[in-house]
2 protein chains.
Amino acid sequence: MLQNHLQLTCKLMSDHRQPTPAESLIAAQGGRITRTRVAVLDVLLAADQSLTHDEIAAALAAQGIKHDRVTLYRTLDWLVDVGVAHKMAGDDRARRFGVAASGPHEHAHFHCDRCGKVVCLEGLQPAVAVNLPGGYQLDRAELVLHGACPSCGKDV
Amino acid sequence: MLQNHLQLTCKLMSDHRQPTPAESLIAAQGGRITRTRVAVLDVLLAADQSLTHDEIAAALAAQGIKHDRVTLYRTLDWLVDVGVAHKMAGDDRARRFGVAASGPHEHAHFHCDRCGKVVCLEGLQPAVAVNLPGGYQLDRAELVLHGACPSCGKDV
DNA sequence: GCGCAAATGCTACTATGTTGCAAAACCATC
DNA sequence: GATGGTTTTGCAACATAGTAGCATTTGCGC
Ligand SMILES: [Mn+2]
Ligand SMILES: [Mn+2]
Ligand SMILES: [Zn+2]
Ligand SMILES: [Zn+2]
C-alpha cells in the first residue's frame, strides 16, 4: 500500500494533479499507469453494461486512443487477473467485461436474451440453498438471470 | 405426437426392434433419426458431465462412427434448439453440451475450476430472492457453482 | 420402391484469442 | 529532470472455435 502510494506520486507530482479513479484502481493493484489501462478502465467504469473486446476497442478508437488489438486483450486479462474486472462468457462467442463500481465482484448479472446486453445487478446475491453432493467443494456461486431488458421488453 | 409415432414406426418396422431412448428423444422432437444424432445422444446420455465438441467427436471416432466436424456442430445446435441438450459457455473457449437425463433443463451446474469439468446438479434450483430493477422481465435463472470437484479436491 | 424434404460432407471463410520477441514507456532512484 | 531496469506495448504470425454456401446423400411418408 505504501509502495502503491509512492508509485502514484511519481507521475502525479510531475503533472501537479490528483489521481483519477481509474489511476487509483490501477495503482492499488501494483500495476503501472498506462494510457491503455486508464482509458479501458474509464470506458468500463462509465459503462452501464458489460462490454465486448470489440465494443471497448471502438470506444477507445472514438476517443482517438491508438492501441493494438493484442494489448487490449492483455489489458483486459490483467484487469480480470487482479480482480478489478469480471469476464463473462456469453452464448454468442464474445466475452464481456465489466467493473463493479463498488468493491469486489460478488453479484449477479442480467443477460438480455434479445439484444445480448449484460448488466451487473449489484446488491443482488442468490440465497442458494445448496445441497451439494458429497465431495464437492464450493468456492463461489455465479448467478445469471435471463430475460428481456427494459428496452427490449417494451416492443413485445 | 401421432406424427412422431408414425415416424418412428417406419424405420422400426423394417428393423423389427424397439426404439432406443435416443431414438425416442429424437422422434419426439420431430427430427429424423440419423446415425450421427443417435450416436451423439447416446454419448451425451451416457456421460456424467458436459462434453465439448472435441470430446464428443473423439467419442464418436472411438466408436468408429464417421462424421464431419460441421455436422457435429449442427447436430449439437439442433439438440439445443429443440431443448434436449444444454449448451454452456465456459471460461475456457469451448462450449460444453449435456442432456438432463430426466425432463427439461431446469437445474444448476457445478463447474470445477481446476479440471474444467461441468456436471449437472439435477434437483438443485436456486431460491433466488430477486429484486430486479424495474423494467426487467425475468425468464429463467442460470446458476453455476464454482469450486473443486471430488477428484480435484482430494489433492489439496 | 419413389420422391421430396431434411440432413450431411466439403471447402472456404470468419471471429476470437494467443505466442514470441523487439521496441517503447513507466517510474524508483539518483 | 536525467538514468536504467522492468513492465508494457506493438507487430506479425499462429491457433482455435465456429459459420456459410452448395452439391450430394439419406430418412421416411406415401
Ligand atoms: Mn459484474
Ligand atoms: Mn445440465
Ligand atoms: Zn435487450
Ligand atoms: Zn475437477
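Bear in mind that the values here come from a model prediction, so they are computed numbers and not experimental data. Each chain gets a letter, A, B and so on, in the order its sequence line appears, and its residues count up from 1.
For residues 49-68 of chain A, proximity to DNA chain C is found at A/Asp54, defined as any non-hydrogen atom under 4.0 angstrom from a strand atom.
Nucleic acid contact for A/Thr71: base, since at least one base atom lies under 4.0 Å from a heavy atom of the residue.
Between C/dA5, C/dT16, D/dT9, one nucleotide has an atom nearer to the side chain of A/Ala94 than all others, and that is C/dT16.
Taking 4.0 Å as the cut-off between side-chain N and carboxylate O, B/Asp77 and B/Arg95 do not count as a salt-bridged pair.
The CG-C1' distance, from A/Leu72 to D/dG10, rounds to 13 Å in whole Å. Rounding to whole angstrom units, CD1 of residue B/Ile33 and C1' of C/dT8 are separated by 17 Å. In this entry the distance linking CG of B/Asp81 with P of D/dT19 reads 11 Å, nearest Å. Put simply, CD on B/Glu23 is 13 Å from C1' on D/dG27, counting in whole angstrom units. The distance from atom CG of B/Leu79 to atom C1' of C/dA7 is 13 Å, rounded to the nearest whole Å. B/Ile26 places its CD1 atom 12 Å from the C1' atom of C/dA7, with the value rounded to the nearest Å. Between the CH2 atom of A/Trp78 and the P atom of D/dT8 there is a distance of 7 Å, given to the nearest Å.
An end-to-end axis angle of 40° holds for the helix from C/dG1-D/dC30 to C/dC30-D/dG1, taken from five base pairs per end and rounded to 10°.
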Identify the pairs formed between an N or O of the protein and an N or O of nucleotides 18-24 of chain C at a distance under 3.5 Å, and give each distance.
from   : atom 1 : to      : atom 2 : distance (Å)
C/dG20 : O6     : A/Arg74 : NH1    : 3.4

